[in-house]
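Comments concern the structure below.
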Amino acid sequence: MSPFSPTIEAFWRATFLDGDVLYRDALLTVVANAKLDADRRAMVWRPTGGATHAVVTPAIADQLGIGPSQQALTETTLRQTMLECNMQLHGADYVFHFTEAGKHALLQEQPPVHVRQLHPVEDAAAFALFQSSASEQDLDDAYVELDHWAVFGAFAQDRLVCAASMYPWAGQKIADLGVLTLPPHRGQGHAARVVRAISRYAFGQGHEPQYRCQTDNAASVALAGSAGLTLFGTWEVVASESAS
């Protein structure tokens, strides 16, 4: 039995298993789905401890030469064929969620007094100062915005030093989050506390929190663990400039 909620399991199963199965063995499943958006027309998913899944549009399947009568196929061969067809995948993302046990523990907590939900009007000045103190790269990577579905922050000496925001993801009851801590205040636990506070809010609204980061981002991976999140899987999407 999965340690994660049925909502999470159902979403990722539907994403990678809805459609026509072109190939399946113990290590790899390839599915063609005509309903994929253009920017997600080819994706690869590896759940923690599980087999690899790939989903592509029928047009991509034709380009790759994969059909219902496909014989032996390996992940290595699939990736090589994609490269030969000018289909470059973005760098992989780790996807983290709370397990059901982790959710139960989280919901028993009370947030620290210096962590709270942010208001789009009352906290506008504090958030603007926060943004002006961060680099453009950090702002782009974190994608934390005051007008998102939920926004929480941590304060130090009445100044906003860490913020996280969430928005409902892919039309599902999953809330994707980003978090940013100003450099002078990193390593003090602010991000983990803010992530837990905003995740508690999401659960209260009937959503499952989701945290994603690049697999080579050691600081973000460490944050996920300190915030109580568990690695659910690894996700890759075809780059927008690749052949369609």
Side-chain angles (χ1 to χ4, degrees), residues 37 39-40 90-98 106 109-229 231 235 237 239-241:
D37 292 336
D39 59 352
R40 295 185 179 179
H90 281 296
D93 273 357
Y94 281 146
V95 178
F96 295 88
H97 288 286
F98 283 94
L106 176 67
E109 297 179 355
Q110 290 296 323
V113 294
H114 70 290
V115 175
R116 63 171 175 80
Q117 188 169 9
L118 302 183
H119 190 277
V121 176
E122 296 171 3
D123 292 305
F127 193 81
L129 178 60
F130 170 79
Q131 286 189 308
S132 70
S133 303
S135 69
E136 288 297 326
Q137 187 63 58
D138 282 347
L139 292 171
D140 287 344
D141 290 344
Y143 189 44
V144 175
E145 300 292 344
L146 192 57
D147 61 356
H148 279 172
W149 176 74
V151 193
F152 276 67
F155 290 79
Q157 299 177 342
D158 297 324
R159 180 175 179 180
L160 181 63
V161 298
C162 176
S165 68
M166 281 180 162
Y167 55 93
W169 199 62
Q172 303 295 315
K173 289 291 186 178
I174 293 175
D176 199 64
L177 74 92
V179 60
L180 174 60
T181 305
L182 296 180
H185 301 274
R186 291 173 183 172
Q188 300 172 26
H190 292 304
R193 288 188 284 269
V194 171
V195 167
R196 289 183 73 78
I198 198 171
S199 295
R200 187 181 304 105
Y201 174 85
F203 279 128
Q205 302 300 308
H207 284 66
E208 294 284 341
Q210 174 174 275
Y211 179 70
R212 294 178 293 128
C213 68
Q214 292 280 289
T215 58
D216 59 357
N217 190 332
S220 291
V221 173
L223 168 59
S226 62
L229 292 147
L231 181 61
W235 180 48
V237 180
S240 58
E241 63 270 17

Side-chain atoms of residues 150-163: list all donor-acceptor pairs with protein atoms under 3.5 Å, sequence neighbours left out, distances to 0.1 Å.
| unit_1 | atom_1 | unit_2 | atom_2 | d |
| --- | --- | --- | --- | --- |
| Arg159 | NH2 | Ser133 | OG | 2.5 |

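Aromatic ring orientation, Tyr94 versus Phe96: perpendicular (interplanar angle above 60°, classes split at 30° and 60°). Ring geometry, Trp149 versus His207: the interplanar angle falls from 30° to 60°, so the pair is classed tilted.
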ask   = Step by step, would you call Ser220 with Tyr211 a side-chain contact (heavy atoms from CB on, under 4.5 Å)?
value = CA-CA 9 Å; Ser220 291; Tyr211 179 70; 3.3 Å; yes

request  = Dump the intermediate steps for side-chain contact (heavy atoms from CB on, under 4.5 Å) on Gln131 and Glu145, then the final yes or no.
outcome  = CA-CA 9 Å; Gln131 286 189 308; Glu145 300 292 344; 3.8 Å; yes

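Residues satisfying the side-chain contact (heavy atoms from CB on, under 4.5 Å) criterion with Pro120, sequence neighbours excluded, are absent altogether.
Here the side chains of His148 and Tyr143 are in contact, with some heavy-atom distance below 4.5 Å. With contacts defined as side-chain heavy-atom distances shorter than 4.5 Å, the pair Phe203/Glu208 qualifies. Between Thr181 and Gln188, every side-chain heavy-atom pair lies at or beyond the 4.5 Å cut-off.
The nearest pair of heavy atoms linking Ile198 to Ala164 is CD1-O, 3.4 Å. Between His114 and His190 the shortest heavy-atom distance is NE2-ND1, 3.7 Å. Taking each heavy atom of Ala124 and Leu146 in turn, the nearest pair found is CA-CD2, 3.7 Å. For the residue pair Leu180 and Val144, the shortest heavy atom distance occurs at N-CG2, 4.1 Å. When all heavy atoms of Met166 and Pro209 are compared, the pair lying nearest together is CE-CB, 3.7 Å. Closest non-hydrogen pair, Val221 versus Thr215, comes out as CG2-O, 4.5 Å.
Between the Arg196 side chain and the Pro111 main chain, no donor and acceptor come within less than 3.5 Å of each other. Side-chain N or O atoms of Gln214 include one that pairs as donor or acceptor with a backbone N or O of Gly91 at under 3.5 Å. Side-chain N or O atoms of Arg40 include none that pairs as donor or acceptor with a backbone N or O of Val237 at under 3.5 Å.
The 12-atom threshold is exceeded at OH of Tyr201, counting heavy atoms of other residues, nucleotides or ligands nearer than 6.0 Å.
From Leu223, atom CG reaches atom SG of Cys213 across 8.5 Å, with rounding to the nearest 0.5 Å.
Counting only residues at least two apart or in different chains, side-chain hydrogen bond (donor to acceptor under 3.5 Å, both in side chains) contacts with residues 118-127 comprise Arg116-Asp123.
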